[in-house]
Amino acid sequence: MAFGSNVLSASASFDPYWWRAAPHEAEARSIPPKSTDVAVVGSGITGLTAAIGLARGGRQVTVLEAKEPGHGASTRNAGYVGRTLKHSFGEIMESEGLDKARAVYGELMEAFLAVKETVAQEKIACHYQQQGRLLLATSSAMRDAMAREFALRERHLGEPFQTVSRAEQREEIATDHYFGGVRIPDHAGLHPGLYHKGLLDVARAAGVTISAFTPVLGFRREAEGFTVFLKGAKLAARDLVFATNGYGGREFPWLQRRIMPFHAYQAVSAPMSENQVRSLLPGDRTFIDWNFNVDWMRIAPGDNTRIVFGGLTGEIGADLRIMGERLHKRLLRVFPDMGGLRFDHVWTGKCGGTFDITPRIGCHGGVHYGSGYCFAGVPMGTLFGKKIARRILGEKGGESVFDTEPPSAFWYRGNAWFVPHALKWMSRNDR
């Protein structure tokens with residue numbers, strides 16, 4: 001297949017901000033204040049949620065962003081809102097006991113509800129919808145394992161689910177590629193760009209200073225707080241929060257050695273008729289397979305003439321035209337009759353993972369952080385931002401089962417060259 005003939009539309013774009021629907025107004029290069037109560041590094045979901053809570057708690061808050069607000073994965077993700085962890089309930093129950101499994105998945109429910117409550121309380125128009133999720137199996141053995149896992153969750157957590165046979169799956173998705181799966185009726189989806197825009201608007205209204213194009217070079221702990229080093233300037237802060245996830249670096253070496261950045265890729269189709277879109281995804285769920293290295297797809301929120309398709313997680317960054325072709329080939333495995341479907345937009349964003357594939361919230365050397373979301377950044381970032389604010393304010397509700405020091409390796413200093421190879425090894429049983 002010659003690239004461009006069947007993959008990209010004539011007006012194809014590689015601007016990831018299409019996903020925002022309406023790009024934010026360009027941020028002028030702002031000069032941060034000389035001092036602040038709390039400096040928050042990173043303007044994504046975690047940073048903005050923490051900033052909102054802190055500002056409403058009476059603190060002067062400055063958010064420092066190296067590029068424009070929302071540049072990172074907070075606007076480049078799939079917009080899935082669920083109770084997601086790479087370690088299953090059954091796996092945790094077997095290795096660490098039922099109480100630990102309940103605690104972990106109880107906090108995942110807390111994160112799921114945090115998004116729902118934030119959207120409702122802040123009146124954020126982001127196409128939030130509890131449309132349900134269909135988890136798809138790539139083998140009959142996987143489908144049976146899924147049924148066992150979700151039966152455990154229903155028994156111990158009270159979370160409902162329905163099994164979907166291979167024959168029944170066409171009522172949800174027009175393909176025979178999968179072997180059925182599990183439907184979770186209350187999982188949700190939203191438009192990630194509009195969710196971020198809503199948080200940004202709320203933060204500004206709460207009095208948060210957003211300093212765009214202000215990269216942090218490093219910091220030093222002082223007797224009564226921190227000195228944050230910027231290009232040609234310094235900022236004194238009583239408290240310091242790092243909310244950079246996959247975009248962190250040498251400005252916080254301790255965290256850099258514990259978070260591995262990796263890419264995930266997405267594409268959105270050129271417009272089709274609404275009937276054609278509905279014929280492909282009649283269930284209108286958020287769809288994702290149960291592989292370790294997942295493919296996902298959904299009807300574009302707010303636009304019933306397009307579908308979004310994602311995958312290739314952890315692949316070495318390449319020209320987005322090449323990645324668009326590879327995504328197109330993966331899509332044709334699911335919908336082999338859609339060779340004429342073309343993409344209008346292709347983009348990527350950096351995720352962040354820990355060595356044990358578990359999110360983390362904590363405080364090291366007085367610096368608060370939330371990171372390592374491993375595909376659960378919308379709900380976990382929302383919850384961790386709220387918890388970080390409560391911790392700094394001394395309020396209840398800041399405790400977390402994920403508050404343990406993230407592991408590292410003596411040889412890792414932030415160059416995650418090995419991640420594509422590690423993901424291939426961890427994905428060896430996907431099929």
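None of these values were measured; they are calculated from a predicted model. Numbering starts at 1 and runs along the sequence shown.
Listed by first and then second residue, the salt bridge (charged side-chain N to carboxylate O under 4.0 Å, His left out) pairs that reach into residues 256-267 are R258-E405, sequence neighbours excluded. Listed by first and then second residue, the side chain to side chain donor-acceptor pair (under 3.5 Å) pairs involving residues 229-241 are D37-R238 (not counting sequence neighbours).
Across all their heavy atoms, L200 and P69 have their closest contact at CD2-CB, 3.9 Å.
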Problem - Trace of the side chain to side chain contact (heavy atoms under 4.5 Å, CB included) decision for M260 with T354 - result: CA-CA 6 Å; M260 294 170 287; T354 57; 5.7 Å; no

Practice task
Begin with the C-alpha distance, continue with both residues' side-chain angles, and end with the deciding distance and a verdict on ring pair (Phe, Tyr, Trp, His ring centres under 6.0 Å) for F242 and H368.
Solution key: CA-CA 6 Å; F242 266 79; H368 295 269; over 10 Å; no

Would you tabulate the side-chain donor-acceptor contacts of residues 107-120 under 3.5 Å, counting partners in other chains and residues two or more places apart, or write 'none'?
unit_1	atom_1	unit_2	atom_2	d
E107	OE1	S400	OG	3.4
E107	OE1	V401	N	2.9
E107	OE2	S400	OG	2.5
E110	OE2	K387	NZ	3.3
K116	NZ	Q130	OE1	3.0
T118	OG1	A114	O	2.7
T118	OG1	K386	NZ	3.3

Anything under 3.5 Å between a donor and an acceptor, one on a side chain of residues 215-230, the other on a protein residue two or more places apart or in another chain? List them.
unit_1	atom_1	unit_2	atom_2	d
R220	NE	E222	OE2	2.9
R220	NH2	E222	OE2	3.0
R221	NH1	G365	O	2.8
E222	OE2	T227	OG1	2.8

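Residues meeting the salt bridge (charged side-chain N to carboxylate O under 4.0 Å, His left out) test with R413, sequence neighbours left out: none. Under the rule for a ring-ring contact (aromatic ring centres under 6.0 Å, His included), the partners of Y105 that lie at least two apart in sequence or sit in another chain are F89. Partners of R360 according to the salt bridge (charged side-chain N to carboxylate O under 4.0 Å, His left out) rule, which considers only residues two or more places apart in sequence or in another chain, are D356. Not counting sequence neighbours, the partners of Y373 by the ring-ring contact (aromatic ring centres under 6.0 Å, His included) test are F384. Applying the side-chain hydrogen bond (donor to acceptor under 3.5 Å, both in side chains) criterion to T62, with sequence neighbours excluded, gives T36. For S371, the side chain to side chain contact (heavy atoms under 4.5 Å, CB included) partners are N245, I259, not counting sequence neighbours. With sequence neighbours excluded, the residues that form a side chain to side chain contact (heavy atoms under 4.5 Å, CB included) with L393 are L54, R59, E395. Applying the side chain to side chain contact (heavy atoms under 4.5 Å, CB included) test to R250 and every residue at least two apart in sequence or in another chain returns Q256.
The backbone N or O of T348 lies less than 3.5 Å from a partner atom in the side chain of R76, making a donor-acceptor pair.
With D295 as reference, R330 is the one residue of K329, R326, R330 to meet the salt bridge (charged side-chain N to carboxylate O under 4.0 Å, His left out) rule.
The residues E274 and R278 are annotated as not salt-bridged, no charged nitrogen and carboxylate oxygen being separated by less than 4.0 angstrom.
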